[in-house]
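Below is one structure, written out as structure tokens; the observations come after it.
Read the numbers this way: they start at 1 and go in the same order the structure lists the ligands and their atoms. The model shown is predicted, which means the values in this text are computed figures rather than measured ones. We number each residue from 1, following the sequence as shown. Values reported hereafter were calculated over all heavy atoms of this structure, with side chains retained and with hydrogens, waters and symmetry mates removed.
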Amino acid sequence: MVFDDAKSSRWNVFEFPRITDPRGDLTFLEGGNHIPFDIARVYYLYNVPVDADRGGHGHRDLQQVIFALSGSFRITLDDGAVRQEYLLRNPRQGLYLTGKVWREIDLFSQGAVCMVLASLPYDEADYLRDYNDFLTYARNTG
Ligand code: TYD
């Protein structure tokens, strides 16, 4: 299921299946079924100070799905034309980002865990760490 409040075609919130049980909830993701790319990498942020700022960069081609597995955080997205903020806090939902999205993550709650599924192995060459470089790249590549 996809929520349609996205202001850009470069991001969407997906809602994944949930199996509810008196013993707790279970959500599952199958590669090739629920995730629109082959998962090449998983990483997660934890022990994040509540006043930390993460992100602050764009990517050229990387696709990602970002989850708040525990707690919450704010993620601000920018495609070079529009900005949109999401407060992620539902472990059943994942924020899908295509390439050419600038992202900033802050307002972490105590104990928040941010898990990211990524379409490519880590490659510093895919990063755009300067906002003006990101804007130039995003606008020149359509
Ligand atoms: P960075 O992507 O800048 O962190 P964030 O966007 O969450 O603030 O990465 C921080 C450091 O970790 C940087 O030195 C690169 C390294 N890193 C890896 O080695 N592999 C990875 O998969 C990621 C995401 C980062």
### Query
Where do Tyr96 and Gln63 land on the side chain to side chain donor-acceptor pair (under 3.5 Å) test, with the steps shown first?
CA-CA 7 Å; Tyr96 171 63; Gln63 298 176 70; 2.4 Å; yes
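- Ring-centre distance between Tyr86 and Phe73: not below the 6.0 Å cut-off.
- At the top of the distance list for atom 4 (O) of ligand 1, counting protein heavy atoms only, stands Arg54 NH2, 3.2 Å.
- There is a protein heavy atom closer than 4.0 angstrom to atom 17 (N) of ligand 1.
- Of the N or O atoms in Tyr43, none lie within a sub-3.5 Å distance of an N or O in ligand 1.
- In terms of polar-atom proximity, defined here as any N/O pair under 3.5 Å, Gly55 does make such a contact with ligand 1.
- Interface of Tyr127 with ligand 1, defined as ligand atoms under 4.0 Å from a residue heavy atom, comprises 1 (P), 2 (O), 24 (C).
- The nearest protein heavy atom to atom 11 (C) of ligand 1 is not closer than 4.0 Å.
- Aromatic ring centroids of Phe14 and His34 lie 6.0 Å or more apart.
- The distance from atom OG1 of Thr76 to atom CG of Asp78, rounded to the nearest 0.5 Å, is 9.5 Å.
- Nearest non-hydrogen protein atom to atom 24 (C) of ligand 1 is Arg41 NH1, 3.4 Å.
- Residue-to-ligand polar distances keep Tyr122 apart from ligand 1: every N/O pair is separated by 3.5 Å or more.
- Protein heavy atom in closest approach to atom 6 (O) of ligand 1: His57 NE2, 2.6 Å.
- Aromatic ring centroids of Phe67 and Tyr44 lie 6.0 Å or more apart.
- Minimum interatomic distance between Gly111 and Ser70 (heavy atoms only, all atoms of both residues): O-OG, 3.8 Å.
- Geometrically, Arg41 does not engage Tyr122 in a cation-pi contact defined by less than 6.0 Å to the ring centre and at most 45° from the axis.
- Within the structure, the closest approach of Arg129 to ligand 1 falls below 4.0 Å when heavy atoms are considered.
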